[in-house]
Amino acid sequence: MENGTSSSLASLFFPPGAPKQFIKGLPLDHERLDELEAEAAVNAYLPDFAPKVLWRTQAGGWLLVAFQGVTATPWAWFAESSDHLEPIAAVLRELSACPAPETLVRTAWDRWGDYCDPADEHLLSGDRLVHSDPAASNFMIGENNRVWLTDWAWAMRGPEWIDAALWGMRLVLDGWQTPEQAAHWARSIPAFAGAPREAVRVLTEAEARSLEAWQTYGMTELDETITAARAWAAHWS
């Protein structure tokens, strides 16, 4: 596959006489193996817009996980004029109502707490299922604008409005929208429209700080992402 960086193997398989499958794999000693294991483990609890795990196995020193293959665009179009936005917003509305499974222990505070005031932990606490990476490359648009949301390796529990807030930043980054345009779409998700502004401010600032920290640690090609995150955070400050 041309997109994605989290798996050493990411390929479509076409088994004779069977539907196509999307295979992700990592060596068992890979530093990101826990992400693939987490993605496979949470899959049984995900809504129907997430491709289903068909099988998983360890072979030859690798973990391989097979997902339902889908026929769709390789990513979504996030421009303000895109007809993908409303179907994606509908998926995020549905996701905001999904409870996190008891087996999902990672929290939003685990992800962003290091970049927040400790007194703000309650603002990022919740019991909803959170995808946490609603980038254009993680949405695929199929026939009749059916939306698929992929790559659940960072799934966590948190407030119902977090994915909409993160989507807003991605509309600025991936769709070249203004923060005002992105805020309009984010507010089309009732969970976000009803979120405390202070909580949104804390999250968006923490996301910008985390990206800046990753750049400091040596991650490259983050300039545009940080610019978008800073613009989105400033809108809520």
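Owing to the predicted nature of the structure, the values given are computational and were not obtained by experimental measurement.
Under a hydrophobic-cluster definition in which Ile, Leu, Val, Met, Phe, Trp and Tyr are linked whenever side-chain heavy atoms come within less than 4.5 Å, directly or via other members, F13 and L64 are assigned to the same cluster. Under the 4.5 Å side-chain contact rule for hydrophobic residues, F67 and L129 do not share a cluster. Two different hydrophobic clusters hold V42 and L63 under the rule that ILVMFWY side chains link at heavy-atom gaps under 4.5 Å. Taking hydrophobic clusters as Ile, Leu, Val, Met, Phe, Trp and Tyr residues chained together by side-chain heavy-atom distances below 4.5 Å, M169 does not share a cluster with W75. In terms of hydrophobic clustering, with Ile, Leu, Val, Met, Phe, Trp and Tyr side chains grouped at heavy-atom distances under 4.5 Å, I23 and L28 are assigned to different clusters.
There is no side-chain donor-acceptor pair under 3.5 Å between R128 and S96. Between the side chains of E86 and N145, no donor-acceptor pair is found at a separation under 3.5 Å. Of the N and O atoms on the side chains of K20 and T71, at least one donor lies less than 3.5 Å from an acceptor on the other residue.
In this structure, L211 and Q215 have side chains that are not in contact, with every pair of non-hydrogen atoms separated by 4.5 Å or more. Looking at I88 and F78, their side chains come closer than 4.5 Å, going by heavy atoms from C-beta outward. A 4.5 Å side-chain heavy-atom check between W112 and L203 finds at least one atom pair inside the cut-off. Two residues are said to be in side-chain contact when any heavy atoms from C-beta on lie closer than 4.5 Å; F192 and V200 meet this criterion. No side-chain heavy atom of F22 sits under 4.5 Å from any side-chain heavy atom of V65. When side chains are defined from C-beta on, S7 does not count as touching E35, because their heavy atoms never get closer than 4.5 Å. Using a 4.5 Å cut-off on side-chain heavy atoms (C-beta onward), R111 and W154 make contact. In this structure, S125 and P159 have side chains that are not in contact, with every pair of non-hydrogen atoms separated by 4.5 Å or more.
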Output a table of donor-acceptor pairs, distance under 3.5 Å, between side-chain atoms of residues 228-237 and any protein atom two or more places apart or on a different chain; print 'none' if there are none.
from: R230; atom 1: NE; to: E212; atom 2: OE2; distance (Å): 2.9
from: R230; atom 1: NH1; to: E205; atom 2: OE1; distance (Å): 2.8
from: R230; atom 1: NH1; to: E205; atom 2: OE2; distance (Å): 3.3
from: R230; atom 1: NH2; to: E205; atom 2: OE2; distance (Å): 3.0
from: R230; atom 1: NH2; to: E212; atom 2: OE1; distance (Å): 3.3
from: W232; atom 1: NE1; to: A165; atom 2: O; distance (Å): 2.9
from: S237; atom 1: OG; to: A234; atom 2: O; distance (Å): 2.8

Atom pairs and distances, side-chain donor-acceptor, residues 45-58, under 3.5 Å, sequence neighbours left out:
from: K52; atom 1: NZ; to: L46; atom 2: O; distance (Å): 3.0
from: K52; atom 1: NZ; to: P47; atom 2: O; distance (Å): 3.2
from: W55; atom 1: NE1; to: Q21; atom 2: OE1; distance (Å): 3.0

Please tabulate, for the side chains in residues 115-123, all donor-acceptor contacts under 3.5 angstrom to protein atoms that are two or more places apart in sequence or on a different chain.
from: D117; atom 1: OD1; to: A119; atom 2: N; distance (Å): 2.8
from: H122; atom 1: ND1; to: A119; atom 2: O; distance (Å): 3.2

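Nearest heavy-atom pair, V130 versus G158, reported as atom, atom and distance to 0.1 Å: CG2-N, 3.7 Å. Contact detail for A79 and L85: the closest heavy-atom pair is O-CD1, 3.3 Å. Here the closest heavy-atom approach between residue A108 and residue M156 is recorded as CA-SD, 3.6 Å. For the residue pair L104 and A100, the shortest heavy atom distance occurs at CD2-CB, 4.3 Å. A89 approaches S188 most closely through the heavy-atom pair CB-OG, 3.8 Å.
With rounding to the nearest 0.5 Å, the separation of CH2 in W62 from CG in L33 is 11.0 Å. One finds the CG atom of N138 at 5.0 Å from the CG atom of D133 (value rounded to the nearest 0.5 Å). Atoms CG and OG1, on L124 and T107 in that order, are 9.0 Å from each other to the nearest 0.5 Å. Note that the CG atom of L166 and the OG1 atom of T204 stand 9.5 Å from one another [nearest 0.5 Å]. Atom CD in E207 sits 10.5 Å away from atom CD1 in I226 (nearest 0.5 Å). In this structure, the separation between OG on S8 and CG on L36 is 9.5 Å, given to the nearest 0.5 Å.
Summarising the local packing, CZ of F14 is surrounded by more than 12 heavy atoms from other residues, nucleotides or ligands at distances under 6.0 Å. More than 12 non-hydrogen atoms from other residues, nucleotides or ligands lie less than 6.0 angstrom from CD of E180.
The backbone N or O of A72 lies less than 3.5 Å from no partner atom in the side chain of R146, so there is not a single donor-acceptor pair. With hydrogens and angles disregarded, a donor-acceptor distance shorter than 3.5 Å links the side chain of T178 to the backbone of Q181. Remark: the backbone N or O of D223 is paired with a side-chain donor or acceptor of T227 at under 3.5 angstrom. Remark: side-chain polar atoms of H131 are paired, donor with acceptor, to backbone N or O of T150 under 3.5 angstrom. Between the D174 side chain and the W77 main chain, no donor and acceptor come within less than 3.5 Å of each other.
With salt bridges taken as basic N to acidic carboxylate O contacts below 4.0 Å, none links D110 and R106. Under 4.0 Å is where a charged nitrogen must lie from a carboxylate oxygen, and between E37 and R32 no such pair does. Taking the charged nitrogens against the carboxylate oxygens, K24 and D151 do have a contact shorter than 4.0 Å, which makes a salt bridge.
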Would you please test V147 and I141 for side chain to side chain contact (heavy atoms under 4.5 Å, CB included) and show each step? CA-CA 5 Å; V147 176; I141 312 300; 3.8 Å; yes
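In terms of the side-chain contact (heavy atoms from CB on, under 4.5 Å) criterion, A97 has no residue partners (sequence neighbours excluded). Partners of W214 by ring pair (Phe, Tyr, Trp, His ring centres under 6.0 Å), not counting sequence neighbours: none found.
In this structure, V70 belongs to a hydrophobic cluster whose other members, linked by side-chain heavy atoms under 4.5 Å apart, are M140, W148.
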